[in-house]
Amino acid sequence: MEIVRSQRKPSIDASPTPTLSLYRSAPPLEVRLEDFELYAIDRLRVLKGISDGLARGKKPEEMENLVRELWKTNMRHQDPAEVMNKDIISHFVLRLVYCRTEELRKWFLSMETTLFRYRFRLESLESQRMLMTEFQLPYKALIHAEYETVKDKLVQVARSIGQSSNTDTIFFKVPFEEVPDLVGSRRVFILKGFAYVPMNQVVSLVVTQFRSNISKALVLTNRKWTSTIKEQEKDRLTPIVEALSNSYLGPDYTQYFSQPNESAEISLKDIDQLASNSFPLCMRHLFDKLREDHHLKHGGRIQLNLFLKGVGLKLDDALAFWKEEFSKKVGAERFDKEYAYSIRHNYGKEGKRTDYTPFACQKIISSTPSVGDHHGCPYRHFSEENLRAALNKMGVGGRQQDEVMDKVRNRHYQLACTLTFEAIHGTSCDTGINHPNQYFSNSQKIRQEK
RNA sequence: GGCGGC
DNA sequence: GCCGCCAACATA
Ligand code: SF4
C-alpha cells in the first residue's frame, strides 16, 4: 500500500499487524482459571487510571501518555504470545462485572472507549487499516499522487471550518453516503462519490463504531448473565465476577467525569413558566400544541425533546412530562410501549448511546413539515396570518411585528427570530439567533438580571 | 418518521 | 402484531 507521507512521530508499536482487539467475539477458552481474575484486576487498574486521569481534566496529550504508561505497566506478560489473550480475556471478564447496572455500564463503556481511542492512535497506519476493515470501514488512505491533485481543495475545506490544515494529515476516501452528517454540514471535500475524510475524523468514526458495539454488547451480556451464565458458571466464573464486583467497584465511581455537573437543571414545575418566557417561537408552538392536543407527531417530538434536553430537563422529568400529556390521548401503557424508548434514546440511554445535540436553526428551517406536523420554524413555515397571530400571542405587535414580517418576506428567518427576541426582551442581541437553545439561554440570562 | 428483527 | 435502533452538531 502506498501512503501519502510518513506520518507520525515514531509510535512505540510500529508493527504491521494490530496489537489491538475489537472484542467482537468471545475469548478463546484456553485460560487458567486464576488468570481470569488476575488479568481482570490488571485491566481494572488501567481503566481506573484512565478514569481519574479524566477526572483531573488531563489534556489529550497527557492522556495519551497516561494511557500508554498504564497499558505498558499493567498489561504486559512474559509470554509475548499471551499478551493479546490477556487483553481479550480481561476485557470479557470485566464485561461480566460491569454489565449489571446502568451506572456500571456507563462507566465501563466510557473507560473502554477512551482506552480504545488512544490505543488505536498508537497503531501503525497499516494495522489501523486492518482494524477498520474488521469494522466494515474498509477505507483507503489517499495515495501520494492523488493527494497532490486535490491538496488545494482539502486545505480550503479545512480552513473553512477552522481546522489547522496540517500538511501531513492523512486523508481517507469514504463513500459519501456513509457519512451523511459530514457531507451535510460540508465538513469534508467530495469528489466522484467519495468524501475525503481527515484522519482525526476517521478515528472518531472508528471509535463511534467501537463504542456502539460495546454498548449493545453490554446490554446483551447483562441479559445472558442473569438468564443463563450466572447459573451455568456458578463453579467457575461467577465467584470471580462476584468477588471483583465487591472489591473494586467501591464507592467512588459516581463522580468520575470531568464535567461534574452541567449548567442549571430545571424542574417540571416551572416548565410552563419557562416556555412562555424563554422558549423561541418554534419550541413555544410545539409546547403549546402538545399541551393542547396531548400529542405530537414524530418530527415534533424529536425537535422538542432534544431542545428540552438542552435546556436542562433531566431524563426522568422528560419522561414524566411527555407521559403526562400522551397518557391523556393514548393511555399510559401505550406511551410506555411506543414513545418512551425513543425519548430515552434521544437522551443517549439506549442503543449506541449518543447524547444528541439539539437541532440548530438551520436544520429546523430546512425541515419540511407536512400536514399535521408542528415542527419546523414558524417564521419559515407558517402562513402570514398564522405567524402574525403567533407573534401577537408572544406580545409582539404593531411596528415591531411589521419589521419581523419584513425579514420573513426576505427569507431572513433567523433575523426575524432575532428581532422577535429583541422586541420581547427589550435588549439587542448582537450575535443573532442561530440555535433555539441559544435563544433560551440568552433569554434566561437577561431575565435573571432583572 | 424511517430502517431492522420475530 | 410484538419489539429494537436511529437522527445532531451552537457556543463565549
Ligand atoms: S429561528 Fe431558530 S429559534 Fe427562531 S423559531 Fe426559527 S428555528 Fe426556532
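Naming convention: chains lettered A, B, ... in sequence-line order (proteins, then strands); numbering from 1 in each chain.
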Terminal contacting nucleotides, 5' and 3', DNA chain C versus chain A (heavy atom, 4.0 Å): C/dC2 to C/dT11
Base, sugar-phosphate, or nothing: which does A/T431 touch, judged by heavy atoms less than 4.0 Å apart? nothing
By nearest-heavy-atom nucleotide on DNA chain C, the more 5' of A/E350 and A/T357 is A/E350
In whole Å, I'd like the distance from the CZ atom of A/F359 to the C1' atom of B/rG1. 11 Å
Partner of A/F321 under ring pair (Phe, Tyr, Trp, His ring centres under 6.0 Å), chosen from A/Y339, A/F335, A/F287: A/F287
Sorted by chain and number, sequence neighbours left out, ring pair (Phe, Tyr, Trp, His ring centres under 6.0 Å) with A/F172 holds for none
Using 30° and 60° as the class boundaries, would you call the ring planes of A/F307 and A/F279 parallel, tilted or perpendicular? perpendicular
A cation-pi test, strictly: NZ or CZ of A/R301 under 6.0 Å from the centre of the six-membered ring of A/W322 and no more than 45 degrees from its axis. Yes or no? no
Salt bridge (charged side-chain N to carboxylate O under 4.0 Å, His left out) involving A/K445 - partner list, sequence neighbours excluded: none
Could you check whether A/S342 gets within reach of a base, just the sugar-phosphate, or nothing at all, counting any heavy atom under 4.0 Å? base
Which residues pass the ring pair (Phe, Tyr, Trp, His ring centres under 6.0 Å) test with A/Y413, sequence neighbours left out? none
Have a look at A/N434 and say if it touches a base, only the backbone sugar-phosphate, or nothing, with a 4.0 Å heavy-atom cut-off. sugar-phosphate
By nearest-nucleotide position on DNA chain C, the 5'-leaning member of A/P358 and A/K216 is A/K216
For RNA chain B, which residues of residues 281-305 of chain A approach it to below 4.0 angstrom with any heavy atom? A/K297, A/H298
Tell me whether A/S215 contacts the main-chain N or O of A/S212 through its side chain, where contact means a donor paired with an acceptor under 3.5 Å. no
B/rG1 to C/dA10 separation - C1' atoms, rounded to the nearest Å: 25 Å
Which residues pass the side chain to side chain contact (heavy atoms under 4.5 Å, CB included) test with A/K363, not counting sequence neighbours? A/F359
